[in-house]
Amino acid sequence: MISFDCAELAEAVNGKLLWGNAEQVFSGITTDSRKVTKGNLFIPLVGERFDGHDYIENSINSGAAVCLTQKPIPQHDNASAILVDDTAKALRELATWHREKHNIPVVGITGSVGKTSTKDMIACVLSKQYEVLKTQGNFNNEIGLPLTLLQLDKKHEMAVIEMGMSGFGEISRLTAIAQPQIAVITNIGVSHIEKLGSQQGILKAKLEILEGLKDDGLIVLNGDDPLLRGIRGSLKHRTVYYGMENGLDYVATCYESLGESGSQFSIELDGQTYKVSIPVPGIHNVYNALAAIAVGMEMKIPIDTIIEGIGSYSPGNMRQNIISFKGIKIINDAYNASPQSMQAAINVLEELCSKTRGIAVLGDMLEMGDMASELHYSVGSFIKDKKIDYLIAIGNDSKSIMKAVADSGNQKIILQHFENNKDALKYILSIIRQGDYILIKGSRGMKMEEITDGILNSE
Ligand code: ATP
Ligand code: MG
């Protein structure tokens with residue numbers, strides 16, 4: 001656990017001792033006063049709804065030894081306080097300072113979709129040979145990333161760090177802290193297009209990751225993504241591309257779905273062909289596995305060990321978890337949605353329901369701005385050729401998903417639209433039967449887990 005004294009801390013965060021003792025030592029850091037344990041450093045952050053400074057008193061009562069503050073606060077006998085301009089900036093500075101003390105290779109991962117899955121896949125591979133620190137869950141923002149890196153300690157040999165963003169400048173700040181040796185970009189989709197204006201804007205924002213990349217670092221890019229492919233040859237760092245098209249550095253061929261138990265593909269390396277099994281379904285996972293192979297090869301892990309690492313992958317909560325309930329299979333992907341991840345999930349549904357009925361329950365994809373109806377329509381255009389039985393759309397924007405299927409003239413897919421989850425659930429419960437596969441997916445704000453929970457709690 002990270003541990004040092006106030007004098008060193010003040011230096012790392014450009015702060016000054018407000019009161020207390022410069023030799024006061026702390027160990028462990030938290031930004032949540034409810035999680036403070038004895039001897040911790042408490043960093044109060046100012047959010048939209050809460051100001052952590054209101055909880056400094058509580059944190060000291062719970063045993064915090066030191067706290068940062070960006071405003072004067074009353075003195076306490078049992079603790080020390082360091083005054084800084086901005087506590088969030090201080091957290092980033094502290095993480096940068098700490099990362100620089102650990103001279104290990106960091107893998108940074110960004111992209112529109114598949115960051116967490118790719119991060120976990122890469123960590124599975126690297127953990128076969130190295131002691132790895134990885135971002136827990138989705139802790140990928142300007143608070144989660146520094147807190148993750150602050151967990152680095154002597155035992156770690158590598159770190160695998162997810163970087164998320166919703167606007168320009170964020171990845172730039174994150175990569176400055178993480179200073180990756182390897183930068184992976186999974187794809188350029190349309191998430192957050194409302195803020196970033198265009199896909200070119202999104203590309204530019206993701207490429208900010210290169211600002212922190214070490215000079216001798218490696219860029220790992222999805223070569224089947226048109227925008228990433230488009231910058232081929234223009235980057236100053238060594239670059240490798242992965243995908244399913246010929247002419248890339250890591251190419252997957254012979255994709256085969258194995259149903260719920262996953263899929264397999266082949267890859268040729270140094271003139272030899274290897275079979276790779278992925279324990280979760282969906283062709284999108286091939287891309288995540290290819291990124292992991294590229295990173296593993298760069299880190300000199302033998303290919304057989306890399307393949308074993310991929311075999312040990314399991315997805316995170318609400319990301320395509322398959323739940324069995326009274327003979328019904330729920331593909332719970334309620335965590336979030338964007339056009340690309342919708343397509344990935346619909347592919348999985350189609351793969352799994354080849355011999356039974358497939359029901360897609362899709363909620364709105366939010367934050368799409370002016371492009372909302374066009375992008376929802378594009379998901380419908382993707383669905384129109386799929387062998388599924390029902391499309392149940394929920395919310396206002398998702399009417400365009402249905403419209404695209406209706407416009408296509410495909411009458412095999414039964415279309416239903418609902419304004420809210422409650423009405424949709426009632427309908428779903430009236431039609432589901434044993435053997436069905438039901439995909440549940442929508443943006444976080446659509447709370448699609450209400451549908452999953454509703455089915456699981458039904459008689
Ligand atoms: P967030 O922005 O919420 O952090 P993320 O980029 O970390 O998202 P994941 O959580 O890995 O993305 O995946 C979200 C969903 O996207 C998955 O459940 C799956 O449906 C789909 N997905 C995962 N990997 C890919 C991929 N490489 N390409 C397209 N879709 C993917
Ligand atoms: Mg994520």
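Since the model is a prediction, treat every value here as computed from it, not as a measurement. When a ligand or atom number is given, it counts from 1 through the structure's own listing order. Along the sequence shown, residues carry numbers from 1. Only this structure's heavy atoms are used, side chains among them; waters, hydrogens and symmetry mates stay out.
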Is there a donor-acceptor pair under 3.5 Å between the side chain of S443 and the backbone N or O of N336?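 Between the backbone of N336 and the side chain of S443 there is no qualifying donor-acceptor contact (under 3.5 Å).
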Carefully, step by step, assess Q181 and D216 under the rule side-chain contact (heavy atoms from CB on, under 4.5 Å). CA-CA 7 Å; Q181 180 68 33; D216 62 348; 3.2 Å; yes
Hey, which atoms in ligand 1 end up nearer than 4.0 Å to a heavy atom of [X]?
| X | value |
| --- | --- |
| N187 | 28 (N) |
| Y335 | 3 (O) |
| N140 | 4 (O) |
| S112 | 6 (O) |

Matching residue for Y437 among E260, R357, E350 - test: side chain to side chain donor-acceptor pair (under 3.5 Å): E260
Would you say [X] touches ligand 1, if touching means a heavy atom closer than 4.0 Å?
| X | answer |
| --- | --- |
| T186 | no |
| E162 | yes |
| K441 | yes |
| G111 | no |

Would you say [X] and [Y] make side-chain contact, with heavy atoms under 4.5 Å?
| X | Y | value |
| --- | --- | --- |
| R229 | L248 | yes |
| E162 | F139 | no |
| H98 | L152 | yes |

Out of [options], who gets a non-hydrogen atom closest to [atom]?
| atom | options | answer |
| --- | --- | --- |
| atom 5 (P) of ligand 1 | M163, K115, R444 | K115 |
| atom 16 (O) of ligand 1 | S341, G189, G282 | S341 |
| atom 30 (N) of ligand 1 | A345, A344, G114, S443 | A344 |

Quick one: does ligand 1 sit under 4.0 Å from the side chain of N138, the backbone, both or neither, non-hydrogen atoms only? side chain
Protein N, O or S within less than 2.8 Å of the Mg ion (ligand 2), waters excluded: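 The answer, once waters are left aside, is T116 OG1, N138 OD1, E162 OE2.
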Before accepting this row, confirm whether a basic side-chain N of the pair D32/R34 lies closer than 4.0 Å to the acidic partner's carboxylate O. yes
K326, NZ atom: more than 12 neighbouring heavy atoms under 6.0 Å: yes
Is the count of non-hydrogen atoms from other residues, nucleotides or ligands lying under 6.0 Å from K422 atom NZ greater than 12?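 Atom NZ in K422 is not packed in, count stays at 12 or less.
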Would you say the side chains of Y242 and N222 form a donor-acceptor pair under 3.5 Å? no
Shortest non-hydrogen contact from I231 toward L228: CG1-O, 3.0 Å
